[in-house]
Asks: 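Let me give you the structure first, and then I'll get to my questions.
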Amino acid sequence: MSRYDYVIVGAGTAGCVLAARLSEDPQMRVCLVEAGGPARHPFVKVPALVGCAILSRRFSWGLMTEPQSALNNRRVFLPRGKLVGGSGSINGMAYHRGHPLDYDDWAAAGNAGWSWNDVLPYFRRSENNANFRDPAVHGVDGPVHVQHIPRPNRLNRDFARAFEMLGGYSQRADFTGAEREGYGLRQGTIFQGRRDSTATAYLHPALKRPNLTVLTRAQVHRLQVQGGRATGVVLRSASGTETIEADREVLLCAGAIHSPQLLMLSGIGPARHLEGLGIEVKAGLDGVGANYQDHPALQVNLEMRDTTSYGLSLRTLPRSAWNLLEYLVARAGPLASNVFESTAFVRSPESLDRPDIQIPFQPARRNPTPFPLPLGHGFALSVVNLYPRSRGQIQLASADVHDAPRVDAGLFSDPADIAPMLWGVRLVRRLIDTGAFAQYHAHEVLPGRDALSDEALTAYLRRAAATAHHPVGTCRMGTDAGAVVDPDLRVRGVKNLRVVDASIFPRIVGGNTNAPVVMVAEKAADLIRASHTGV
Ligand SMILES: Cc1cc2nc3c(=O)[nH]c(=O)nc-3n(C[C@H](O)[C@H](O)[C@H](O)COP(=O)(O)OP(=O)(O)OC[C@H]3O[C@@H](n4cnc5c(N)ncnc54)[C@H](O)[C@@H]3O)c2cc1C
């Protein structure tokens, strides 16, 4: 059969949620199309192998940004999951929702129905929280399991102690509660020692439904748009090129890079850009590909001889063998950890109404060159600017879907984004200087203690800054002329077509983006059902 009620493009974080929710109605025929393969490999399942999943070409689109002029013209690594579960199958599993005021800002910008009070029920509906059961804030029987790492590395205690010794910051048990500023252990989307993505939490339990079809290794080449209406998709798989028709809607969930790419390949986007590539314009929408935002990140990296941290070394081989055995037998121990076990949310100027910096703590050394597992010992603290002002954009490289789109992430194109990062690096050094980590005799290898001045730290930033891999905003929701989708996520000017993924964020939220994308998809499922059935 190649006719469905809904055709969903991309089985990523959002696509898996939508496929599961829309197929709950047995009358609805749902087809989910994914370019990548299944998510059953140990790299994807075992939390501590997250680095292997991120670096493996098998699970990723292998993208880099365009040369970033503020970063010495470096191309910056841009991992995007290409498998069932999408980026949620290769991500760091950290669970955060952003700040409530972020969503109130979305609503104030004209997006009725997206305030914190509006979206909170969808966060709750998606969540099964093992540690926090307050029903006003948390879900306890939703699909996605959320929990603290059961046996965090001892260095996390020192991270907390450093904040305590510094003073002025509160220990935070729950970063999703009413108060979210402070430091503490963070939660992850991990269940029984395994990654819990929307593939495992939503899609896999729904696979037995006869009204749900999942096509993997099937790349959508373009959407079919006829008479101002999306009628289906054209895809290519091992069995050749075919058209799949959508009687009700096409739902684009290909993520912040590929959703704008597919819209543009289908003639929906900035008219001049499309005409320049010989693509027939079906709907001129200048906002497609614009408003690209990501969280810039910079590491302070310390090395030590002490072997308390996670890491591979000759001296810890017996311990590593034991860890492996423990995981194989009980799915417990360090391999059941996503490594990013603690974090802090802080305000760089006190005057801000919400934290603007996140300091994730990693009880493992950062490798100097890409290698999926930490070699040797140490620890790293990142500085993440949660509300960058810089904006980038995505354009097509050609009219061929196989040519990766050009992603100009625009990192630090607004110089105002630099100062909060330097402030963060100095805060990290103050934490280290409290002496909380003194027993490890660790030394700072990056940026290195000779980098003291603003100039030296800025030079380090230009050499080393990357991102937290949270691109959003490229099919922005809104009601103004630059918006791509309306607050019901309908593409403006094209019927029967919605975008449901990270690209609809009007503005990036102050935290990791996976749970917010799940929320978007849960809310979209309600919007879609209501528009067809009136309930
Ligand atoms: C390395 C990394 C670490 C991260 N760490 C965290 C973290 O710790 N916590 C957190 O909250 N967030 C994290 N994130 C961000 C989070 O995972 C993403 O925001 C979220 O997964 C985005 O969901 P999405 O549905 O918008 O897109 P995706 O999950 O990327 O899904 C898009 C899907 O569409 C498919 N697709 C694309 N083009 C086509 C096509 N033409 N045809 C068919 N299929 C197509 C892709 O293969 C993919 O499966 C991380 C992301 C990455 C990459």
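Note that ligands are numbered from 1 as they come in the structure, with each ligand's atoms numbered from 1 the same way.
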Asks: Does ligand 1 have an atom that lies less than 4.0 angstrom from a heavy atom of Cys253?
Replies: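 Under 4.0 Å: yes for Cys253.
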Asks: Just say parallel, tilted or perpendicular for the rings of His258 and Trp61, cut-offs at 30° and 60°.
Replies: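 Tilted: the ring planes of His258 and Trp61 meet at 30° to 60°.
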Asks: Can you tell me which residue and heavy atom of the protein come closest to atom 23 (O) of ligand 1, and the distance to 0.1 Å?
Replies: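 Going atom by atom, the protein heavy atom closest to atom 23 (O) of ligand 1 ends up being Thr13 CB, 3.3 Å.
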Asks: For atom 38 (N) of ligand 1, what is the closest protein heavy atom, and at what distance to 0.1 Å?
Replies: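 Scanning the protein heavy atoms, the shortest distance from atom 38 (N) of ligand 1 goes to His258 CB, 3.4 Å.
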Asks: When the ring planes of Phe361 and Phe159 are compared, do they come out parallel, tilted or perpendicular, using 30° and 60° as the limits?
Replies: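 Phe361 vs Phe159 ring planes: parallel.
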Asks: Report yes or no: is the cationic atom of Arg507 (NZ for Lys, CZ for Arg) closer than 6.0 Å to the six-membered ring centre of Tyr103, at no more than 45° off its axis?
Replies: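 No, Arg507 does not lie over the aromatic ring of Tyr103.
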Asks: Tell me which protein heavy atom sits closest to atom 5 (N) of ligand 1, plus the residue, atom name and distance to 0.1 Å.
Replies: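 Going atom by atom, the protein heavy atom closest to atom 5 (N) of ligand 1 ends up being Gly92 N, 3.0 Å.
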Asks: Who gets closest to atom 36 (N) of ligand 1 by heavy atom: Phe59, Trp61, Phe505?
Replies: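 Looking at heavy atoms only, the winner is Trp61.
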Asks: Give yes or no for whether the N/O distance cutoff of 3.5 Å, strictly under, is met between Val401 and ligand 1.
Replies: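 N/O-N/O distance under 3.5 Å: no.
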Asks: Roughly how far, to the nearest 0.5 Å, is the CG atom of Leu263 from the CD1 atom of Ile394?
Replies: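 Spacing of CD1 (Ile394) from CG (Leu263) equals 11.0 Å.
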Asks: Go through the steps for Leu386 and Phe345 under the test side-chain contact (heavy atoms from CB on, under 4.5 Å), then give the verdict.
Replies: CA-CA 9 Å; Leu386 295 171; Phe345 286 87; 3.7 Å; yes
Asks: Which option, Thr513, Leu78, Val520, owns the non-hydrogen atom nearest atom 18 (C) of ligand 1?
Replies: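 The residue whose heavy atom sits nearest atom 18 (C) of ligand 1 is Thr513.
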Asks: Where do Lys523 and Trp114 land on the side-chain contact (heavy atoms from CB on, under 4.5 Å) test, with the steps shown first?
Replies: CA-CA 9 Å; Lys523 183 168 164 66; Trp114 292 89; 3.5 Å; yes
Asks: After noting the C-alpha distance and the side-chain angles of Met264 and Leu274, does the key distance pass the side-chain contact (heavy atoms from CB on, under 4.5 Å) rule?
Replies: CA-CA 7 Å; Met264 289 191 273; Leu274 301 185; 3.7 Å; yes
Asks: Between ligand 1 and Asn91, is the shortest N or O to N or O distance under 3.5 Å?
Replies: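 So ligand 1 has an N or O lying under 3.5 Å from an N or O of Asn91.
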Asks: Would you please classify the geometry between the His96 ring and the Phe175 ring as parallel, tilted or perpendicular, with 30° and 60° separating the classes?
Replies: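 The arrangement is perpendicular - the two ring planes meet at more than 60°.
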Asks: Using a strict 4.0 Å cut-off to heavy atoms of Leu83, name the atoms of ligand 1 that fall inside it.
Replies: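 The list of qualifying atoms is 49 (O).
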Asks: Tell me: protein heavy atom nearest atom 51 (C) of ligand 1, and distance?
Replies: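 It is His469 O, 3.2 Å.
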Asks: Mark yes or no: Arg180 above the aromatic ring of Trp116, with NZ or CZ under 6.0 Å from the six-membered ring centre and no more than 45 degrees from the axis.
Replies: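 Yes, a cation-pi geometry.
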Asks: Between Ala502 and ligand 1, does any nitrogen or oxygen pair lie at a separation below 3.5 Å?
Replies: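 Yes; at least one N/O pair falls below 3.5 Å.
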Asks: Give yes or no for whether the N/O distance cutoff of 3.5 Å, strictly under, is met between Lys82 and ligand 1.
Replies: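 No.
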Asks: Would you tell me whether Gln299 and Asn301 have side-chain atoms, one donor and one acceptor, within less than 3.5 Å of each other?
Replies: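 Side chains of Gln299 and Asn301: no pair found under 3.5 Å.
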Asks: Which atom names give the shortest non-hydrogen contact between Pro260 and Thr474, and what distance separates them?
Replies: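 Distance-wise, the nearest heavy atoms are CG-OG1, 3.5 Å.
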Asks: To which of Thr198, Val518, Val220, Val33 does the heavy atom nearest atom 40 (C) of ligand 1 belong?
Replies: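 Of the listed residues, Val220 has the closest heavy atom.
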Asks: Quick one: does Ile54 get an N or O within less than 3.5 Å of an N or O on ligand 1?
Replies: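 There is no such contact.
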Asks: For atom 28 (P) of ligand 1, what's the nearest protein heavy atom and its distance?
Replies: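 Nearest neighbour among protein heavy atoms for atom 28 (P) of ligand 1, to 0.1 Å: Ser87 N, 3.6 Å.
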Asks: Between Asp486 and Arg492, does a salt bridge (Lys or Arg N to Asp or Glu O under 4.0 Å) hold up when you go through it step by step?
Replies: CA-CA 7 Å; Asp486 68 15; Arg492 295 172 61 232; over 6 Å; no
Asks: Taking Met28 as the fixed residue, which of Arg248, Arg529, Arg209 is the one that meets the side chain to side chain contact (heavy atoms under 4.5 Å, CB included) rule?
Replies: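 Option passing the side chain to side chain contact (heavy atoms under 4.5 Å, CB included) with Met28: Arg248.
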Asks: What residue and atom, counting heavy atoms only, is the protein's closest point to atom 11 (O) of ligand 1, and at what distance?
Replies: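 The answer is Asn514 N, 2.8 Å.
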Asks: Does atom CZ of Arg125 have more than 12 heavy-atom neighbours, drawn from other residues, nucleotides or ligands, at distances under 6.0 Å?
Replies: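 Yes.
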Asks: With a 4.0 Å heavy-atom cut-off (strictly under), which part of His470 contacts ligand 1: side chain, backbone, both or neither?
Replies: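 For His470, only side-chain atoms sit under 4.0 Å from ligand 1.
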Asks: Does Val84 have a heavy atom less than 4.0 Å from any atom of ligand 1?
Replies: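 Under 4.0 Å: no for Val84.
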Asks: Of Ala256, Ala14, Ala254, Gly86, which has the heavy atom at the shortest distance from atom 32 (C) of ligand 1?
Replies: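 Looking at heavy atoms only, the winner is Ala254.
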Asks: Taking the minimum heavy-atom distance to atom 45 (C) of ligand 1, which of Ala11, Ala35, Gly51, Ser237 ranks first?
Replies: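 Looking at heavy atoms only, the winner is Ala35.
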Asks: Which atoms of ligand 1 have any heavy atom of Gly255 under 4.0 Å away?
Replies: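 By the 4.0 Å cutoff, the relevant atoms are 26 (O), 27 (O), 32 (C).
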Asks: Looking only at protein heavy atoms, which one is nearest to atom 53 (C) of ligand 1, and how far off is it?
Replies: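 The closest one turns out to be Pro79 O, 3.1 Å.
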Asks: Considering heavy atoms of the protein only, find what lies nearest to atom 49 (O) of ligand 1 and give residue, atom and distance to 0.1 Å.
Replies: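 Protein heavy atom with the smallest distance to atom 49 (O) of ligand 1: Glu34 OE1, 2.7 Å.
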Asks: Could you go through Thr176 and Asp174, starting from their C-alpha distance and side-chain angles, then the distance that decides it, and tell me whether this counts as side chain to side chain donor-acceptor pair (under 3.5 Å)?
Replies: CA-CA 5 Å; Thr176 49; Asp174 180 5; 2.5 Å; yes
Asks: Using a 3.5 Å cut-off on N or O atoms only, is Ala468 in polar contact with ligand 1?
Replies: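 No, Ala468 has no N/O under 3.5 Å of an N/O on ligand 1.
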Asks: Which is closest to atom 46 (C) of ligand 1 in terms of heavy atoms, Ala218, Gly81, Pro360, Gly36?
Replies: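 The residue whose heavy atom sits nearest atom 46 (C) of ligand 1 is Gly81.
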Asks: I'd like to know whether ligand 1 has His96 as a neighbour, heavy-atom separation below 4.0 Å.
Replies: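 No, His96 has no heavy atom closer than 4.0 Å to ligand 1.
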